[in-house]
There are 2 protein chains.
Amino acid sequence: MSSVKEVAKRANVSVATVSRVLNNDPVVKQSTKEKVLEVIKEMNYKPNLLAKNLRKQASKTIVMVLPAMSNPYFAEIARGAQAAAYDFGYHIIIGTMESKRWILDTYVNLLKTNLAEGMIFVSSSADRELLQTLVGDYPIVLCTENYPGIGATCVSIDNKQAGYEATRELLRRGHRSIAYIAGNRQSSSVLGRIEGYKEALIEAGIEYNPELVAGSKNNFENVTEAMNGILGKGFGIDGVITHSDLQASYILKGIKENLIPLEASIGLISFDGTFIAEITNPSITTIVQPLYDLGYTSVHQLVLKLQNDLAEAPQGVVILPHELVIRET
Amino acid sequence: MSSVKEVAKRANVSVATVSRVLNNDPVVKQSTKEKVLEVIKEMNYKPNLLAKNLRKQASKTIVMVLPAMSNPYFAEIARGAQAAAYDFGYHIIIGTMESKRWILDTYVNLLKTNLAEGMIFVSSSADRELLQTLVGDYPIVLCTENYPGIGATCVSIDNKQAGYEATRELLRRGHRSIAYIAGNRQSSSVLGRIEGYKEALIEAGIEYNPELVAGSKNNFENVTEAMNGILGKGFGIDGVITHSDLQASYILKGIKENLIPLEASIGLISFDGTFIAEITNPSITTIVQPLYDLGYTSVHQLVLKLQNDLAEAPQGVVILPHELVIRET
DNA sequence: CTGAAAGCGCTTACAG
DNA sequence: CTGAAAGCGCTTACAG
């Protein structure tokens with residue numbers, strides 16, 4: 001491996017000049033610049049970023065933590081984030097937690113050891129306590145899941161409005177007894193969507209019944225039990241809203257395999273709008289989230305924080321538009 | 001941020017001693033060690049890895065490049081790779097190409113600028129020319145897709161055997177005219193599987209007909225056209241093998257929407273064994289690849305290269321077992 | 001068992 | 001417009 005030193009020697013200039021050429025400093029004479037660039041090319045020189053990063057005290061690297069990659073929902077957010085990182089000149093490390101807390105610590109350590117400059121937590125990948133210890137010291141952005149009052153920027157859809165629209169659609173079709181398969185109960189997105197669900201019901205003159213709402217992990221681990229738990233109460237369910245496409249796909253699967261006593265013709269609306277809602281049979285009516293944009297915008301917000309003072313960085317919630325897409329359920 | 005210097009001062013030792021404690025050098029006296037550790041804790045000191053990396057000329061970082069993350073196939077490989085990176089003490093940067101060549105160059109540059117020590121290419125994320133320029137200079141591992149004779153380790157299943165088994169299964173059921181929806185034509189996995197397909201046919205006394213084989217992108221972009229291209233030739237297709245679960249799911253979708261003139265009861269076997277083959281209706285018979293292990297083993301092989309001399313590092317192909325899982329198609 | 005010193009490969013005030 | 005020199009925060013022979 002060649003170094004600035006060798007390039008300098010070969011080009012008959014100082015290392016300072018080589019560095020200036022490398023960094024496009026307009027102060028260097030055109031002819032000098034050309035000579036140096038020629039040598040750089042000739043030696044196939046690439047700067048050692050390990051050195052550059054130390055000297056500049058910046059890694060130009062950010063981290064995004066996701067609960068898992070198996071759900072296409074997260075994959076699409078990650079895709080947007082990668083595009084943004086590239087556009088803004090940052091490296092991005094995308095990590096998945098796989099439900100293991102120590103993995104999260106690993107990624108947080110990238111921040112503490114100067115390997116990364118900022119961090120994005122997607123969905124409920126971080127808990128409130130962790131965030132609280134981080135927000136003051138490092139640039140943090142939350143993606144899809146807000147922790148109000150914590151002082152971090154959050155990028156998400158308007159969950160309350162989305163929950164309202166999903167419920168309204170089922171009501172419009174004449175469904176009256178609508179079950180709600182939620183995700184993790186405490187999360188702001190779940191809370192927001194249920195609020196919208198409630199509002200639509202009340203608007204339609206239907207009493208909100210908390211017994212029709214059941215939690216389930218965000219993935220598909222116990223959807224069938226959650227659904228059957230509600231059905232067992234005998235409320236004559238004729239519509240279902242789920243927190244994710246994946247959950248909805250497992251409800252359809254459960255119905256097909258006679259594990260869930262419902263008709264395939266049930267009114268079913270899910271959240272997310274991944275390709276999963278397209279490939280099931282029947283295909284699923286879904287609230288499409290702008291997943292790619294959510295990832296992209298999260299990175300953009302983080303970069304803004306990185307480039308401004310932490311103090312005057314943008315805060316609050318950035319809301320992106322969602323859309324109800326009607327398919328076969 | 002505190003530094004070794006400040007820790008040293010506060011603990012009344014030299015920076016060398018602090019560094020030794022940090023690196024668990026057994027040579028330091030127990031009492032000294034304890035004192036230093038106490039100060040470290042007290043100051044909440046974390047070493048600056050930017051400095052450590054430069055000094056040690058090693059980033060402890062590897063890169064894995066995938067064609068895309070939207071296919072759960074790749075997500076699962078990435079999951080295994082992350083687990084392995086953690087187990088072996090490396091950071092891993094997982095990048096997706098999204099069909100854009102310049103993204104690939106970005107990741108390769110991590111290698112050239114010392115930010116990463118080795119690289120894993122999954123599927124056909126790199127072409128032969130690029131690999132040839134890299135293999136001599138950097139530790140490289142290929143995952144799922146081999147480039148024979150290039151001198152890199154490859155981790156994959158036995159594609160020929162898998163293609164053979166898939167075909168045998170359809171033949172066993174009495175299907176005689178089996179279409180093959182392949183991926184990118186040149187790739188070693190496609191070639192291997194088709195070889196197995198051929199072999200099974202010949203064994204059953206059926207002539208291999210290249211007209212029954214059609215290419216399609218690895219994802220679902222033009223599955224319907226590929227399938228209809230074959231059907232249009234009038235060979236009375238009664239069985240289909242696809243290169244991926246995703247392709248198979250789009251064939252089912254095409255059948256359902258009357259875009260593909262086939263019965264849903266067609267014999268259909270795909271490759272991969274992602275959850276997609278489970279959530280479709282009907283669920284898909286599939287050759288399950290050990291995706292998590294493929295990712296895990298690829299990282300393991302790379303780490304072996306990193307720890308040994310490049311010269312005496314393991315080479316050749318590491319074969320992992322696959323399994324035919326029979327579902328509804 | 002410990003410390004002083006050199007050095008990893010860059011960048012950047014400072015001086016000219 | 002260019003160069004000499006300091007320094008980013010570590011690690012590691014070397015000497016004692």
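Each chain gets a letter, A, B and so on, in the order the sequences are listed, and its residues count up from 1. Keep in mind the model is a prediction, meaning the values are calculated, not measured.
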Partners passing ring-ring contact (aromatic ring centres under 6.0 Å, His included) against His300(A) (at least two apart in sequence or in another chain):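 If we apply the ring-ring contact (aromatic ring centres under 6.0 Å, His included) test to His300(A), skipping adjacent residues, the hits are Phe88(A).
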Which pairs of donor and acceptor atoms, one on a side chain in residues 53-60 of chain A, lie under 3.5 Å apart (sequence neighbours left out)?
unit_1: Asn53(A); atom_1: ND2; unit_2: Leu49(A); atom_2: O; d: 3.3
unit_1: Ser59(A); atom_1: OG; unit_2: Thr61(A); atom_2: N; d: 3.4
unit_1: Ser59(A); atom_1: OG; unit_2: Leu115(A); atom_2: O; d: 2.9

Dot-bracket notation for DNA chain D, counting Watson-Crick and G-U pairs under 3.5 Å, with | for partners on another strand: |||.||||||||.|||
Pairs involving residues 92-115 of chain A, ordered by first then second residue, that meet ring pair (Phe, Tyr, Trp, His ring centres under 6.0 Å) (sequence neighbours left out):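 Matches after skipping sequence neighbours: Trp102(A)-Tyr86(B).
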Test item: Val155(B) and Thr144(B) side chains (from C-beta on) under 4.5 Å apart, heavy atoms: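 Side chain of Val155(B) against side chain of Thr144(B), heavy atoms only: no contact under 4.5 Å found.
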Between the protein and nucleotides 12-15 of chain C, are there any N/O to N/O pairs under 3.5 Å, and if so, what are the atom names and distances?
unit_1: dT12(C); atom_1: O4'; unit_2: Arg55(A); atom_2: NH2; d: 3.4
unit_1: dA13(C); atom_1: N6; unit_2: Arg20(A); atom_2: NH2; d: 3.1

Rounded interatomic separation in angstrom, taking NZ from Lys5(A) and P from dT11(C):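 Answer to the nearest Å: 15 Å.
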Same-atom distance (C1') from dT12(C) to dG16(C), integer angstrom: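 My reading of the C1' atoms in dT12(C) and dG16(C) gives 16 Å.
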Compile the donor-acceptor pairs under 3.5 Å between side chains in residues 31-40 of chain B and protein atoms, sequence neighbours left out, one pair per line.
unit_1: Lys33(B); atom_1: NZ; unit_2: Asn24(B); atom_2: OD1; d: 3.4
unit_1: Glu34(B); atom_1: OE2; unit_2: Gln30(B); atom_2: NE2; d: 2.9
unit_1: Lys35(B); atom_1: NZ; unit_2: Ala11(B); atom_2: O; d: 3.4

Spacing of Lys60(B) atom NZ relative to dC10(D) atom C1', expressed in whole Å: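 Interatomic distance, NZ of Lys60(B) to C1' of dC10(D): 16 Å.
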Of all pairs that satisfy salt bridge (Lys or Arg N to Asp or Glu O under 4.0 Å), the ones with a partner from residues 119-133 of chain A, not counting sequence neighbours: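 Checked against salt bridge (Lys or Arg N to Asp or Glu O under 4.0 Å) - neighbours excluded - the pairs reaching residues 119-133 of chain A are Arg101(A)-Asp127(A).
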Sequence-distant partners of Asp87(B), side-chain hydrogen bond (donor to acceptor under 3.5 Å, both in side chains), two or more places apart: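 Counting only residues at least two positions away or on another chain, Asp87(B) forms a side-chain hydrogen bond (donor to acceptor under 3.5 Å, both in side chains) with Tyr296(B).
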Sorted by number, the residues of residues 31-39 of chain A with heavy-atom contact under 4.0 Å to DNA chain C: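 Nucleic-acid contacts, sorted: none.
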Ala51(A) side-chain proximity, nearest of dC10(D), dG9(D), dC10(C):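 Closest nucleotide among those given: dC10(C).
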Residues that Ser189(A) engages under side-chain hydrogen bond (donor to acceptor under 3.5 Å, both in side chains), provided they are two or more places apart: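 So Ser189(A) forms a side-chain hydrogen bond (donor to acceptor under 3.5 Å, both in side chains) with Glu145(A), Ser187(A).
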Nearest-angstrom distance from the residue atom CG of Asn24(B) to P of dC1(C):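 It is 15 Å, rounded to the nearest whole Å.
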Separation of atom NZ in Lys9(B) from atom P in dG3(C), rounded to whole Å: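 Interatomic distance, NZ of Lys9(B) to P of dG3(C): 15 Å.
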Side-chain donor or acceptor of Thr113(B) paired with backbone N/O of Asn109(B) under 3.5 Å: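 Indeed, once roles are kept as given, a pair shorter than 3.5 Å links the two residues.
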Listed partners of Thr274(A) passing side-chain hydrogen bond (donor to acceptor under 3.5 Å, both in side chains), at least two apart: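 Asp245(A).
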Nearest-nucleotide pick for Lys52(A), side chain only, options being dT11(C), dG3(D), dC10(D):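 Ranking dT11(C), dG3(D), dC10(D) by closest atom to the Lys52(A) side chain puts dT11(C) first.
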Nearest to side-chain heavy atoms of Val27(A), which nucleotide of dC1(C), dC1(D), dG3(D):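 Among the listed nucleotides, the one closest to the side chain of Val27(A) is dC1(D).
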Sugar-phosphate only, base, or nothing, as touched by Val28(B) at under 4.0 Å among non-hydrogen atoms: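 The answer is sugar-phosphate, as Val28(B) gets under 4.0 Å only of primed atoms, P, OP1 or OP2.
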Rounded distance in Å - CG (Leu22(B)) to C1' (dT2(C)):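 After rounding, the gap between these two atoms is 16 Å.
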Side-chain N or O of Tyr45(B) closer than 4.0 Å to phosphate OP1/OP2 of dG9(D):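 Looking at the OP1 and OP2 atoms of dG9(D), neither is under 4.0 Å from any side-chain N or O of Tyr45(B).
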Spacing of Leu115(A) atom CG relative to dG9(D) atom P, expressed in whole Å: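 That distance rounds to 15 Å.
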Asp25(B): side-chain hydrogen bond (donor to acceptor under 3.5 Å, both in side chains) partners, not counting sequence neighbours: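 Partners of Asp25(B) by the side-chain hydrogen bond (donor to acceptor under 3.5 Å, both in side chains) criterion come out as none, since no residue qualifies.
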Rounded interatomic separation in angstrom, taking CG from Leu49(B) and C1' from dC10(D):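 For the pair Leu49(B) CG and dC10(D) C1', the rounded distance is 10 Å.
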Integer-rounded Å distance: dG9(C) C1' and Asn53(B) CG: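 My rounded result for the distance is 13 Å.
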Between CD on residue Gln289(A) and CD1 on residue Ile157(A), distance to nearest 0.5 Å: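 If we round to the nearest 0.5 Å, Gln289(A):CD and Ile157(A):CD1 are 4.0 Å apart.
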